[in-house]
Each structure stands twice: as C-alpha cells, then as structure tokens.
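To start, the structure under review is shown below, and the notes come after it.
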Amino acid sequence: MKEGPKFSLKRIAALIPVIILMIVVGLSYDYYFDLNDDVLMKDILSGTYSSEPLAHNMQMLWPLCAPVTLLYRMVPHVSWYGIMLVGFQYASLYVIIDGISKICSEKTNELSDPKKWFFKPQFARPVVYFISMLVIASLMFTHLIYVQYTVTVAMMSGAAAVRFFNADTSGSLKESLKAFCPGIVIIVLAFNLRTEMMLLMLPFVGAVLVYKLSFEEKIFKNGMLKKYIYALLLILLFMFIFWYIDSMAYGTPGWRAFRNMFDSRTILYDYSVPPPYEGNESFYDMAGLTPEEAVLFENYNYGIDPRIDDRMMRAVATHAKYSGKNDRSFSDKLKDKIRIYIYEITHLNDTPGTDHPWNMVALILYVSCALVMIFGKDIFGLWRIVALFAGRSAIWLYMLMGERTPDRITHSLYFMEITVLMILFMALLQRSDLTGDKRIKTVIMAATAALLCAGICIIIPGRKEASYQAAYREQVNAPYIELYEYMAGDTEKMFLIDTYSSVSYSEKMFDDIAFVSKANSNVLGGWAATSPIEKDKLAAYGIEDMGSGLLSDNVLFCKKTDSDAGWMKDYYSSIGIDVTMEKEKTIADTFELIRVKKVEN
C-alpha cells in the first residue's frame with residue numbers, strides 16, 4: 001500500500017518532460033497534418049468535406065471513426081482528429097520511455113549486489129529515461145511536428161511492445177491476461193487507425209513477446225506458455241471483431257464497389273505507374289479505353305469520366321503491375337534490392353536518400369546487445385538479435401521489392417526496430433550476472449555515451465530541418481488558404497480541382513483554416529474519387545458526375561497557373577463535345593478558376 005502513491009508520483013514526474021516537449025514543439029513550430037491524406041480524413045470526420053461529420057473516412061476502420069465523428073457533432077470547432085493523433089503520439093512516447101527506464105530498475109534478488117551500480121534505481125532510471133528521451137525524440141522530431149497517421153501507428157506499436165514486456169505474468173492466467181490488457185488495447189487502437197501499418201509492425205511486437213517468454217524461468221510450467229498464447233489469441237480475436245464491424249459498415253453495394261476500386265487504385269498509384277497509351281495501345285483498346293482516358297489515369301483526374309469504374313481501374317492496375325515483368329528475372333531484381341538494402345544499412349553519412357541517422361542508432365544497439373551477451377557468456381542468446389535482424393531484413397526486402405519505401409514507412413520500421421533493441425538491451429543488462437565485470441561496465445558506458453552523442457548529433461540538424469520545413473510549408477500553404485477561403489465564400493458554386501494541383505497543401509492542425517468548409521469543392525481524382533460520400537456531395541449541387549457537372553453554370557474548374565489543361569479539351573472532344581475554357585479569376589498568382597463551356601453547334 002505504501003508503494004502506490006510513491007509509484008504514482010514517479011509516473012507523474014516522468015510525464016512532465018514529455019508534456020514540456022509537446023508544448024515546446026507546438027509553440028515553436030505548430031502541428032501540421034503531414035500529407036493531404038490526413039487533411040482529407042480530417043475533413044470527412046469533421047464535416048468540412050460535406051457539411052456533415054461522417055464516419056466513413058475510408059482509411060481508418062469505422063469503429064474508431066464513429067466516436068471521433070460523434071465528438072465533432074457534439075463540439076464542432078475542436079480539432080478532435082488532430083488531438084487524437086498528437087495525443088496518441090505523445091502518450092506512446094511516454095509509455096515507451098518510461099517503460100524502458102523501468103526495465104533497468106526492476107527489483108530482483110540479483111540487484112542486491114552493491115557492485116551492480118548501474119541498476120540502482122536512483123541512478124539508472126533517470127539516466128536511461130534521459131538517454132531514451134533524447135534519442136527517440138531526436139529521431140522522431142520532425143514526425144512529432146508534421147504528423148501522419150502511419151507514423152502514429154508505429155509509435156503506438158512501440159508502446160504496446162513495452163507494455164507487453166513489462167506485464168507481470170507471475171500470477172494466475174486471469175491476472176496475467178489483465179496485465180497484458182494495456183498492450184492489447186493499444187494494438188487494437190492502432191489496428192483501427194491504420195490496419196496495414198499495424199500488421200507490418202506486428203512481427204516486431206511478436207519478437208518482444210518471444211523475448212519476454214525466453215526470459216521466463218518456467219516456460220512450460222504453471223501454464224506460462226498458455227498465458228502468451230491466450231494473449232495472442234485475444235489480439236487476433238479483437239482485430240477480427242473490429243475488422244468485421246468495419247466490413248459491415250461498408251457492406252452496401254456502393255461501398256463494396258468503391259473498396260474494390262480503392263484497392264486497385266492503391267496498386268496503380270502507390271506500387272506501380274499508370275501506363276501511357278503509347279506502347280500499350282493493344283491493352284487500352286482491348287479494355288475499351290481511349291487515349292484521352294489513358295491520360296486521365298496519368299494525371300490522376302480519372303474521376304471526371306463516369307465510365308471509369310472499379311473494373312476498369314482493376315484492369316489498368318493489373319496491367320501496370322505485370323507489364324514488363326518478363327524483362328528481368330526475380331533473382332536479378334532481388335540481387336539489386338539486396339545491394340540497395342546493404343547500402344542503406346551501412347552508410348553512416350548524410351547522403352540524401354539513405355537511412356542515416358536511423359541506421360546508426362540501430363547499429364549501436366545491435367552491437368551493444370551482442371557484446372553484453374558475448375561478455376555475459378550467453379552465446380546461445382545471440383539468437384535474439386540474429387532472429388530480429390533476419391526478420392527486419394525480410395520485411396525490408398519485401399518493401400524494396402514492392403518499390404514502396406516512403407520515409408513515413410521506413411522511419412516507422414526503424415523506430416519499431418530501435419524500440420525493440422532498447423527493450424532487449426535493458427533486459428539483458430538487468431539479467432546479466434556480470435555487471436560487476438569491467439567489460440560489461442565498458443559496454444554500458446560505451447553504449448550510453450554513443451547513444452548520448454547520437455541524440456545530440458541528431459537533434460541539431462533535426463531542428464534545422466524542422467525550421468526549414470515550417471518556413472517552406474508556410475510559403476506553400478499561403479495561396480491554398482486564400483483559395484479555400486475564396487471557395488468557401490462562394491457557396492452557390494461547386495469548384496472541381498485538378499488533382500495534382502491540390503497535393504502540395506499540408507494543413508495546420510489547430511488553425512482556423514481547419515474549419516473552413518470545403519463542401520463546395522472537390523478534386524477530380526484521388527483516393528476518395530467515386531466514393532458514395534463524394535457522389536452525395538456532388539448530388540447536393542445537382543451534379544450527377546463531374547464530367548457533365550463541369551459544363552454546368554454553377555461549376556468552375558480550378559488548376560495551378562503553371563499546369564496545362566489541354567487534356568480536358570481532348571477528353572471532351574473524344575466523347576463528341578467541343579468546349580471552350582475561359583479564365584474567370586486568378587487567386588494568389590497561383591490558381592486559375594476556369595469556366596468550361598460547351599460549344600453549341
């Protein structure tokens with residue numbers, strides 16, 4: 001009973017640095033949605049997309065969207081989605097750092113040895129907390145400012161892994177499952193936030209559970225193995241339940257057709273390149289698509305053509321995925337990707353396109369874990385880092401073979417790997433019998449010094465990069481803000497925007513512009529194109545489809561001044577309609593509002 005209040009005070013004290021970091025980051029840089037994907041997700045949930053908060057935002061699972069939408073309905077002018085993402089990130093940061101620092105100060109019989117100076121809680125925990133905070137916050141600095149739900153899921157996965165490792169499994173099955181519950185809840189939340197990313201992180205979480213099980217004294221006694229199996233089954237059960245609820249929420253024919261189109265669109269634009277008409281004439285002719293429609297796939301404005309449905313999208317995506325596959329064998333491609341993989345993990349410099357400084361921190365931790373096991377005469381224990389490296393290599397090669405490695409995914413993979421290594425390193429030290437040995441002390445001091453130096457070396461350029469990005473985004477966003485405010489002020493018209501003219505915008509989370517209505521504007525493509533909510537939004541302005549709608553008196557076309565719109569005339573000409581394009585207004589010297597008129601013969 002006496003430990004309760006003391007424990008709580010320690011936890012509150014440990015939370016203070018994280019809160020300070022959150023406030024400093026917010027005041028110094030503001031918080032941004034990193035990509036326009038998150039902006040559109042927020043717009044759908046908040047009601048700025050269609051004047052009504054909707055739970056079908058298509059990227060998150062419906063069970064998580066529903067309560068967020070309810071909050072927007074109850075208190076409209078609060079950035080609930082932004083609060084959720086930022087809250088998840090900093091809560092995860094706290095759980096990870098506090099949990100890792102807790103590992104080294106666990107009370108066991110071994111810690112009574114006064115020679116084990118590193119494990120004295122009054123020394124070890126503050127040092128580990130500070131080093132962990134410095135390293136993780138330095139690595140994630142720009143991601144804490146420019147927030148993306150993919151990275152948020154990775155941070156939540158790291159938090160779940162720490163909670164799993166620190167769970168007390170010494171009690172009964174019921175008590176052990178209760179101890180696993182916080183980790184399970186975090187996993188399920190992350191699964192609802194972005195399913196694919198949580199599944200990608202799951203092998204790392206599984207590695208932590210295997211590590212924890214390997215440290216148990218009696219794996220096959222007292223139902224110990226059963227506790228871990230039940231925990232895993234609970235994770236899978238809750239994932240299935242929430243996936244099933246989501247599938248029911250999107251169970252209508254319209255949503256099913258859209259989801260098929262969404263999956264094909266992902267293959268086409270995220271993992272392939274839309275094939276041009278030239279060189280693919282036979283395919284497009286067989287698919288019943290004209291050269292002008294092929295251009296619509298290339299410029300991402302396929303939403304203008306009502307003929308392009310989920311079946312056509314799937315045909316184009318399949319052709320893009322498999323065309324040219326015979327040019328190179330799988331083994332040749334794999335060899336190239338292995339060379340790229342080796343380059344990425346071994347280059348410890350600031351060469352653009354490499355994974356520095358993430359690989360540097362991971363390397364320090366791999367070497368530190370190996371040395372502790374070697375000096376601790378636990379050679380057999382090396383299987384832990386060998387298995388981790390083999391698993392991460394398989395995941396990385398899978399991503400490289402799919403040629404889908406944006407920073408938000410690669411950094412997330414490194415973040416999870418580094419979290420697992422930090423857990424393992426602290427666990428190995430806590431359980432070592434040779435912490436009084438000079439070699440182990442040397443490893444501890446060297447690893448601590450290396451991580452400290454790494455954190456300092458990372459935070460300085462990280463702050464510089466964050467400042468540069470803040471200034472750049474302010475400059476890029478300025479004309480978008482003027483455009484959206486202008487469109488919101490002219491509610492009698494619908495504005496249809498060229499897709500690639502809309503992608504540079506990254507909105508501030510907690511700014512007034514976040515609540516400017518976009519109910520009378522829509523892009524001509526993108527991942528929400530042809531969705532039921534888009535169709536309902538257009539129907540409110542009497543628009544059946546965007547192709548015919550552009551010819552209406554109350555609809556204007558919007559594009560950047562430096563982009564060509566000749567494709568639009570060509571498209572209408574291909575369906576037997578001659579049009580003129582008259583510029584009505586220029587906004588911020590960046591955007592043109594154009595009236596498209598049908599030429600009467």
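Remember, it's a predicted structure, so these values are computed and weren't measured experimentally.
Checked by atom type, the side-chain pair Asn36/Tyr480 shows no donor-acceptor distance below 3.5 Å. A side-chain donor-acceptor contact under 3.5 Å links Gln148 and Asp38. For the residue pair Glu52/Ser50, the side-chain donor-acceptor check at 3.5 Å is not satisfied. A donor-acceptor contact closer than 3.5 angstrom is absent between the side chains of Glu474 and Tyr472. His143 and His411 share a side-chain donor-acceptor pair at under 3.5 Å. Between the side chains of Ser573 and Asp570, not a single donor N or O lies within less than 3.5 Å of an accepting N or O. Between the side chains of Asn359 and His347, no donor-acceptor pair of N or O atoms lies under 3.5 Å. Tyr571 and Asn301 share no donor-acceptor pair across their side chains, judged by distance under 3.5 Å alone. Between Asn520 and Thr491, the side chains place no donor N or O within less than 3.5 Å of an acceptor N or O (distance only, hydrogens not considered). Checked by atom type, the side-chain pair Thr561/Glu592 shows no donor-acceptor distance below 3.5 Å. Between the side chains of Thr290 and Tyr284, no donor-acceptor pair of N or O atoms lies under 3.5 Å. Side-chain N/O atoms of Asn522 and Glu534 include a donor and acceptor closer than 3.5 Å.
Panel note: side chain Asp246, backbone Phe242; no donor-acceptor pair is recorded below 3.5 Å. Side-chain atoms of Ser501 come within 3.5 Å of backbone N or O of Lys560 as a donor-acceptor pair. Listed for the Asp309 side chain is a donor-acceptor partner under 3.5 Å among the backbone atoms of Met312. Put simply, the side chain of Asp263 never gets that close to the backbone of Thr266: no donor and acceptor are under 3.5 Å apart. Judged by distance alone, with hydrogens and angles left aside, the side-chain atoms of Thr142 form no donor-acceptor pair with the main-chain N or O of Ala466 at under 3.5 Å. With hydrogens and angles disregarded, no donor-acceptor distance shorter than 3.5 Å links the side chain of Ser552 to the backbone of Asn554. In this structure a side-chain-to-backbone donor-acceptor pair under 3.5 Å is present from Trp80 to Leu71. Put simply, the side chain of Tyr146 gets close to the backbone of Ala470: a donor and an acceptor are under 3.5 Å apart.
In this structure, Glu465 places its CD atom where more than 12 heavy-atom neighbours from other residues, nucleotides or ligands lie under 6.0 Å away. Sparse packing is recorded around CE of Met74, with 12 or fewer heavy atoms of other residues, nucleotides or ligands lying under 6.0 Å away. Around the CZ atom of Phe510, the shell of radius 6.0 Å holds more than 12 heavy atoms that belong to other residues, nucleotides or ligands.
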Residues Thr150, Arg408; criterion side-chain hydrogen bond (donor to acceptor under 3.5 Å, both in side chains); working and verdict: CA-CA 7 Å; Thr150 299; Arg408 60 185 178 274; 4.5 Å; no
Step-by-step ring pair (Phe, Tyr, Trp, His ring centres under 6.0 Å) determination, Tyr149 to Phe88: CA-CA 10 Å; Tyr149 74 129; Phe88 281 167; over 10 Å; no
Residue pair Tyr414, Trp396: steps toward the ring pair (Phe, Tyr, Trp, His ring centres under 6.0 Å) verdict: CA-CA 10 Å; Tyr414 265 113; Trp396 270 88; 5.3 Å; yes
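Geometric assessment of Lys559 against the ring of Phe591 yields a negative cation-pi assignment under the 6.0 Å and 45° thresholds. By the 6.0 Å and 45° rule, Arg392 does not stack over the aromatic ring of Phe204. Geometric assessment of Lys321 against the ring of Tyr271 yields a negative cation-pi assignment under the 6.0 Å and 45° thresholds. No cation-pi contact links Arg463 to Tyr468, judged by a cut-off of 6.0 Å to the six-membered ring centre and 45° from its axis. Cation-pi geometry between Arg265 and Phe262 is met: under 6.0 angstrom from the ring centre, within 45 degrees of the axis.
Under the side chain to side chain donor-acceptor pair (under 3.5 Å) criterion, Tyr29 pairs with no residue at all, not counting sequence neighbours.
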Taking only distance into account, with no hydrogens and no angle test, what donor-acceptor pairs under 3.5 Å do side-chain atoms of residues 580-588 form with protein atoms, sequence neighbours excluded?
residue: Glu584; atom: OE2; partner: Arg595; partner atom: NE; Å: 2.5
residue: Glu584; atom: OE2; partner: Arg595; partner atom: NH2; Å: 3.0

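The distance between the ring centers of Tyr300 and Tyr269 falls below 6.0 angstrom.
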